[in-house]
K.L.:
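I have a structure I would like to understand better, so I am pasting it below and will then ask my questions one at a time.
Counting starts at 1 for both ligands and their atoms, following the listed order. Computed from heavy atoms alone, side chains included, the values below leave out hydrogens, waters and symmetry copies.
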Amino acid sequence: MCKPNVRPRVAHFSSGPSAKRPGWTPQVLKGALLGRSHRSKPGKAKLAEVVDRHRHLLGIPADYRLAIVPASDTGAVEMALWSLLGARGVDVLTWDSFGAGWANDVQKELKLKDVRVLAADYGRLPDLTAVDWSRDVVFTWNGTTAGVCVPNGDWIAADRQGLSIADATSAVFAMALPWDKLDVATWSWQKVLGGEAAHGMIALSPRAVRRLESYAPPWPLPKIFRLTKAGMLIEGVFQAETINTPSLLCVEDALDALAWAESIGGLQGTIARSQANLAAVAKWVAASKWAAFMAENPATRSCTGICVKIVEPWFLGLGANERAKAVRDLAQRLENEGVAFDIAGHRDAPAHLRIWGGATVETSDIEALLPWLDWAYGELKAQALKPA
Ligand SMILES: Cc1ncc(COP(=O)(O)O)c(C=O)c1O
């Protein structure tokens with residue numbers, strides 16, 4: 001097969017940090033408050049603006065607390081697990097590598113005894129009807145390493161007694177999140193908005209705050225996880241007084257990304273762009289002889305980390321290591337051509353390709369990439385089946 005004529009204008013399809021928003025240049029950072037304190041009046045104003053714009057764009061209820069916290073999404077999730085869990089039994093849902101990591105931490109690090117792990121293989125969701133809402137429930141809204149997301153929040157009980165704790169880092173701005181069903185949601189800046197890494201966001205429902213103020217876990221909490229003092233919420237953390245020092249360069253970039261999201265129609269605009277990207281890949285998959293979605297049920301197909309597996313018999317006949325090597329080889333061919341960076345699937349998952357479809361990626365770039373996937377696959381297959 002000949003090389004396609006058209007190349008993606010931007011070949012950044014990484015699942016995080018993901019592509020900068022269309023039109024981004026370093027110039028957007030010129031207003032950054034560099035060399036100033038984040039506790040200065042203008043510093044705090046910038047941080048408060050990040051929080052307020054998130055609240056407005058995502059439709060987060062006024063009675064939810066929202067904060068910028070250390071250590072990206074991982075920091076935000078761990079802060080929630082370490083601060084809130086232990087008061088009740090816990091159900092942890094896992095269907096990708098990140099969910100498996102949270103299950104590990106709940107069981108092996110926090111050493112909680114009353115834990116049920118509801119797990120599913122890559123490509124599937126666990127049985128959501130098996131969740132017990134008298135317990136706390138930890139889950140990943142979008143399993144980025146599997147390309148599988150929950151279809152909606154209908155399965156989350158409105159009258160739950162436990163807390164619903166969602167790692168939503170690759171879902172926010174791409175999927176509609178029903179805030180009334182979420183007690184904790186976390187994310188970072190470098191996913192759907194293409195921001196810079198290292199900062200986390202955490203949203204807490206009034207019920208989550210009540211838990212924080214009525215329950216003290218039996219283990220010590222590092223300062224960067226602490227949300228309460230003497231049994232009371234540290235309100236300052238939720239009024240842009242961050243626990244420790246954020247990067248004001250990253251803050252400026254986040255403000256640019258949020259302004260861009262507003263300019264394209266807000267949440268509806270970002271969701272529509274991401275869905276258009278998934279639709280472009282779906283059209284190609286439907287016509288492909290060699291590629292299929294990892295997510296078996298279309299309702300659970302992620303529109304951000306879009307995971308595609310190879311289904312031809314010659315490939316399926318390879319061992320797991322050989323498959324992983326073949327996918328790395330395919331991805332390298334594309335990288336060498338400068339048409340796709342970082343699309344080999346996550347190392348913990350069965351070998352696959354992962355194409356980021358968040359809002360900052362142009363659908364025209366995805367469409368330009370797809371013939372290149374066919375080309376690279378053809379080259380890979382020809383080489384693999386060449387007589388020795
Ligand atoms: C679902 C999920 N959880 C957690 C993380 C880790 O996020 P961070 O690197 O922002 O801590 C990622 C990163 O890809 C992710 O996709």
K.L.:
Angle class for the Trp155/Phe139 ring planes (parallel below 30°, perpendicular above 60°, tilted otherwise)?
P.N.:
perpendicular
K.L.:
Nearest protein heavy-atom contact for atom 12 (C) of ligand 1: which residue, which atom, what distance?
P.N.:
Phe98 CZ, 3.3 Å
K.L.:
So which atom in Gly153 and which in Lys181 form the shortest heavy-atom distance, rounded to 0.1 Å?
P.N.:
O-NZ, 3.2 Å
K.L.:
Going through the distances and angles, do Trp284 and Trp290 end up as a ring-ring contact (aromatic ring centres under 6.0 Å, His included)?
P.N.:
CA-CA 11 Å; Trp284 169 79; Trp290 63 270; 5.4 Å; yes
K.L.:
Which part of Thr169 is near ligand 1, with near meaning a heavy atom under 4.0 Å away: side chain, backbone, both or neither?
P.N.:
side chain
K.L.:
Short list, please: which atoms of ligand 1 are under 4.0 Å from a heavy atom of Thr140?
P.N.:
1 (C)
K.L.:
At a 4.0 Å cut-off, with the gap strictly under it, does some heavy atom of Asn142 reach an atom of ligand 1?
P.N.:
yes
K.L.:
Are any of the N/O atoms on Asp167, whether in the backbone or the side chain, positioned under 3.5 angstrom from an N/O atom of ligand 1?
P.N.:
yes
K.L.:
Distance under 4.0 Å to a non-hydrogen atom of Ser188: what atoms of ligand 1 satisfy this?
P.N.:
10 (O)
K.L.:
Return the minimal non-hydrogen interatomic distance between Thr144 and Ser170, and the atom names on each side.
P.N.:
OG1-OG, 2.7 Å
K.L.:
Could you tell me whether Lys283 and Glu367 have a side-chain N and a carboxylate O separated by less than 4.0 Å?
P.N.:
no
K.L.:
Name the residue from Thr360, Asp253, Thr25 that meets the side chain to side chain donor-acceptor pair (under 3.5 Å) definition with Lys20.
P.N.:
Asp253
K.L.:
Nearest protein heavy atom to atom 10 (O) of ligand 1, by residue and atom, and its distance?
P.N.:
Ser72 OG, 2.4 Å
K.L.:
Can you tell me the protein heavy atom closest to atom 13 (C) of ligand 1 and the distance?
P.N.:
Lys191 NZ, 3.0 Å
K.L.:
How close does the nearest protein non-hydrogen atom get to atom 4 (C) of ligand 1, and which residue and atom is it?
P.N.:
Asp73 OD2, 3.0 Å
K.L.:
Polar-atom distance check: Thr74 versus ligand 1, any N or O pair below 3.5 Å?
P.N.:
yes
K.L.:
For ligand 1 and Gln190, I'd like to know whether there is a polar contact (N/O to N/O, distance under 3.5 Å).
P.N.:
yes
K.L.:
Using the side chain to side chain contact (heavy atoms under 4.5 Å, CB included) rule, pick out the option among Asp342, Ile366, Asn277 that qualifies with Phe13.
P.N.:
Ile366
K.L.:
Can you name the nearest heavy-atom pair linking Trp141 to Ala176, along with the distance?
P.N.:
CZ2-O, 4.0 Å
K.L.:
Does any N or O of ligand 1 fall below 3.5 Å from an N or O anywhere on Thr144, backbone included?
P.N.:
yes
